[in-house]
2 protein chains.
Amino acid sequence: MSYKVTIADIAKELNTTAATVSRALNNHPAISDETKHRVAEAAERLHYKPNKIASSLRSGKSFSIGVIIPSAEINFFGSVVHGIENLANINGYNVLIYQTNESRDFEVKGLETFLSARVDGILASIAKETSDYSHFIDIKQRGIPIVFFDRANDDLGISSVVVDDYRGGYLATEHLIEQGYRRIAHISGPQHIKIFNDRLKGYMGALQAHNIKVDFDLVYAGDVSIEAGKAAIKHMMELPHPPDAVFAVEDFTALGAIKELKDRNIKIPEQFGVIGFANELFGEHITPSLSTIDQQTVNMGKESFRLLLELINTNKSKAGKEAKLQKVVLKPVPIFRQSSAKR
Amino acid sequence: MSYKVTIADIAKELNTTAATVSRALNNHPAISDETKHRVAEAAERLHYKPNKIASSLRSGKSFSIGVIIPSAEINFFGSVVHGIENLANINGYNVLIYQTNESRDFEVKGLETFLSARVDGILASIAKETSDYSHFIDIKQRGIPIVFFDRANDDLGISSVVVDDYRGGYLATEHLIEQGYRRIAHISGPQHIKIFNDRLKGYMGALQAHNIKVDFDLVYAGDVSIEAGKAAIKHMMELPHPPDAVFAVEDFTALGAIKELKDRNIKIPEQFGVIGFANELFGEHITPSLSTIDQQTVNMGKESFRLLLELINTNKSKAGKEAKLQKVVLKPVPIFRQSSAKR
DNA sequence: ATGAAAGCGCTAACAT
DNA sequence: ATGTTAGCGCTTTCAT
């Protein structure tokens with residue numbers, strides 16, 4: 001008893017045809033204003049709701065996109081999705097979300113789901129576990145518009161929106177140097193993920209630019225987690241020459257470091273400086289408040305959707321032409337708070 | 001060049017018909033195992049991907065649900081959605097998300113979007129701004145399964161999943177009493193929203209149960225925001241008889257209170273106790289760590305979906321029968337941390 | 001156990 | 001400016 005009314009019913013009501021009603025509803029230029037008004041009135045009166053499914057089947061456009069994220073629990077991705085949804089809804093697109101929980105198998109399942117849903121395009125951030133990218137290549141070869149965001153891979157010929165992680169790492173490290181810290185450590189993330197590798201490179205770049213030799217004792221192979229941050233401090237403070245500051249690959253890692261430093265009664269920022277990466281929500285509210293690098297999350301979402309929409313539209317118009325590869329690199333924004341305020 | 005392969009192609013390949021292929025793919029009992037195997041093999045070989053849109057159009061089931069949330073920025077809703085998506089994906093449902101930004105107009109738009117997408121059911125948390133519920137009544141009258149979560153309305157005959165906010169407020173307040181605080185204030189939220197009103201009632205109930213007279217000077221009309229928390233403390237600390245503890249309607253409000261108390265050099269928890277509500281992520285990591293009431297977010301998401309699925313399935317089978325109204329009330333879980341640890 | 005045929009609601013060529 | 005007709009890919013009677 002719910003979705004009964006169709007354009008045929010409206011047509012019957014007005015002694016015209018479904019085609020005319022369809023055109024009127026879609027504001028087709030060839031339809032007279034009077035007909036449009038009569039159709040609009042009848043549609044309203046009969047509580048007509050367009051059936052997008054039927055429309056999609058016929059037109060081949062679903063006006064929906066799929067978004068693959070590693071985890072909705074990570075604030076960062078929630079925030080990017082927020083940006084995506086904003087622009088998508090404005091442009092009349094629905095958004096399907098699929099979480100991979102960092103697993104490649106779920107990534108594949110998500111893509112299948114999106115294929116079956118006949119999404120018009122896909123935005124994806126690659127799972128940590130993924131090292132075989134054939135499922136993404138498959139999507140590309142099917143001609144389905146796809147754009148990576150944040151966790152991208154440059155070797156696949158797929159457009160992407162990322163922050164300049166090298167520059168972020170560079171700025172974070174340089175800030176610690178300028179604050180007067182002397183032995184600056186880095187707690188890194190899994191190096192097969194490009195963004196984490198870039199942050200490490202940025203760290204090294206900043207040290208070298210300031211004529212500081214990179215000491216690999218001070219580069220701890222960590223991860224994005226409180227535990228990794230604690231473990232890193234535990235390990236490094238036992239070194240013959242312990243560090244007096246750390247750039248952590250992510251805010252949660254930095255938080256772990258701060259917790260462990262506090263447990264050891266090491267004063268932040270006086271004796272030890274800390275800076276993270278991501279600008280997670282909690283950083284502003286902990287004590288000491290956490291210096292960090294903002295990744296322009298909402299912007300990243302909007303840019304990703306904008307790029308995808310471009311692909312979708314060029315795909316549609318010039319069916320033959322290959323859409324050009326694009327790479328949008330957002331500038332990271334340093335946010336300096338108490339945890340690194342030595343001066 | 002992407003989604004070319006259809007069941008007709010598979011049928012041709014195997015010298016059979018689309019009907020048989022369709023049945024084989026859907027594991028229809030009347031189809032022989034041999035045929036099923038041959039179909040499965042051909043489908044795989046031809047890279048066939050089922051077209052859910054066509055399937056939905058014909059079968060009238062979209063295997064998707066819509067979720068209306070006030071804001072994806074609020075951690076709470078992100079977490080509930082996480083719970084929803086988990087169960088939904090397991091059950092083969094896609095999830096569409098629509099954010100209302102607390103506005104009734106967007107709420108209406110979201111519901112229209114969902115109607116057009118022919119979702120099989122809807123989960124919704126009501127916007128702050130909404131006081132006219134006719135759009136929800138319309139959904140119900142169309143026979144579309146709908147369940148409220150968290151921000152519910154009991155007068156509409158719509159099932160819901162909520163936490164027992166009265167009990168949460170009661171437990172929070174009682175805890176402060178038991179810790180030995182004497183003048184316990186409450187920073188409340190907008191009272192037309194039931195959950196906030198319930199928390200206030202729980203506060204009053206706990207005071208009365210402990211023979212403490214409710215002093216309305218100590219009930220500040222606030223909101224869910226850091227600013228409201230600060231303003232409340234500013235106001236109440238100027239009273240002739242200021243409070244020595246506060247139960248804030250939400251963690252962000254509690255955070256504002258803590259910030260203001262710190263600014264005034266009032267020691268927490270020794271001189272002043274604070275407890276919030278929501279168990280937002282940051283509460284564990286601030287100094288002092290924040291006592292709060294956990295709302296079972298992921299559970300709420302799962303329960304909501306479970307309830308909705310029940311509605312969807314009964315709707316399908318016994319078309320005539322009215323599905324019974326259900327109200328799931330989750331138990332709030334107190335989490336006591338430093339901010340209220342007087343003893 | 002399988003086939004034939006109709007149709008879900010809409011859009012898009014091709015008329016007129 | 002509007003009508004006619006066909007068909008998107010699938011599921012579902014109704015046959016056999």
**OP:** Look at the side-chain N and O atoms of Asn26(A) and state whether any lies under 4.0 Å from the OP1 or OP2 oxygen of dT11(C).
**Re:** yes
**OP:** Counting heavy atoms from C-beta on, name the nucleotide in dA1(D), dG9(D), dG9(C) closest to the side chain of Ala54(B).
**Re:** dG9(D)
**OP:** To the nearest Å, give me how far apart NZ (Lys12(B)) and P (dT2(C)) are.
**Re:** 20 Å
**OP:** Using five base pairs at each end, measure the axis-to-axis angle across the helix from dA1(C)-dT16(D) to dT16(C)-dA1(D) and round it to 10 degrees.
**Re:** 30°
Subject >> Arg38(B) bridged to Glu41(B) by N-O distance under 4.0 Å >> reply: no
**OP:** Inspect the contact between Lys4(A) and Asp9(A) and indicate whether a charged nitrogen and a carboxylate oxygen are less than 4.0 angstrom apart.
**Re:** no
Original post:
What's the CD1-P distance between Ile53(B) and dC10(D), to the nearest Å?
Top reply: 11 Å
Subject >> Spatial distance of atom CZ (Phe77(B)) from atom CE (Met300(B)) [nearest 0.5 Å] >> reply: 8.5 Å
Original post:
Stepwise, does the ring pair (Phe, Tyr, Trp, His ring centres under 6.0 Å) test hold for Phe148(B) with Phe136(B)?
Top reply: CA-CA 10 Å; Phe148(B) 285 134; Phe136(B) 289 119; 5.0 Å; yes
Original post:
Ala18(B) or Leu57(A): which one's nearest nucleotide on DNA chain C is closer to the 5' end?
Top reply: Ala18(B)
**OP:** Scan Ser32(B) against the nucleic acid and name what it touches under 4.0 Å (heavy atoms): base, sugar-phosphate only, or nothing.
**Re:** sugar-phosphate
Original post:
Is Thr17(B) near enough to dG3(C) that one of its side-chain N or O atoms lies under 4.0 angstrom from OP1 or OP2?
Top reply: yes
**OP:** Describe the nucleic acid contact of Thr16(B) in one word from base, sugar-phosphate, nothing, applying a heavy-atom distance below 4.0 Å.
**Re:** sugar-phosphate
Subject >> Length of the CG-C1' vector between Asp33(B) and dA1(C), whole Å >> reply: 12 Å
Original post:
Is the shortest side-chain N to carboxylate O distance from Glu112(B) to Lys109(B) below 4.0 Å?
Top reply: no
Subject >> Length of the CD1-C1' vector between Ile7(B) and dT11(D), whole Å >> reply: 8 Å
**OP:** Mind calculating the distance between CG (Leu14(B)) and C1' (dT2(C)) to the nearest angstrom?
**Re:** 13 Å
Original post:
Taking only N and O in the side chain of Thr20(A), is any of them less than 4.0 Å away from OP1 or OP2 of dG3(D)?
Top reply: yes
Original post:
Among dT2(C), dG3(C), dA6(C), which nucleotide sits nearest the side chain of Arg23(B)?
Top reply: dG3(C)
Original post:
Can you say whether the rings of Tyr93(A) and Phe63(A) are parallel (under 30°), tilted (30 to 60°) or perpendicular (over 60°)?
Top reply: tilted
**OP:** For the pair Glu85(A) and Lys302(A), find out whether any cationic side-chain nitrogen is under 4.0 Å from an anionic carboxylate oxygen.
**Re:** no
**OP:** May I ask you to say what Thr35(B) touches in the nucleic acid, namely base, sugar-phosphate or nothing, with a heavy-atom cut-off under 4.0 Å?
**Re:** sugar-phosphate
Original post:
For the pair made of CD in Glu34(B) and P in dA1(C), what is the distance, rounded to whole Å?
Top reply: 12 Å
**OP:** Name the closest nucleotide to the Ala19(A) side chain, picking from dT4(D), dC10(C), dT11(D).
**Re:** dT4(D)
**OP:** Record whether the side chain of Arg118(A) comes under 3.5 Å of the base of dG9(D) through a donor-acceptor pair of N or O atoms.
**Re:** no
Subject >> Atom-pair distance (CG on Leu25(B); P on dC10(D)), nearest Å >> reply: 9 Å
Original post:
When all nucleic acid strands are considered with a 4.0 Å heavy-atom cut-off, which category describes Ser22(B): base, sugar-phosphate, or nothing?
Top reply: base
Original post:
Got a second to check how far Ser56(A)'s OG is from Arg118(A)'s CZ, nearest 0.5 Å?
Top reply: 11.5 Å
**OP:** Measure from CD1 on Ile10(B) to P on dG9(D) and round the result to the nearest Å.
**Re:** 13 Å
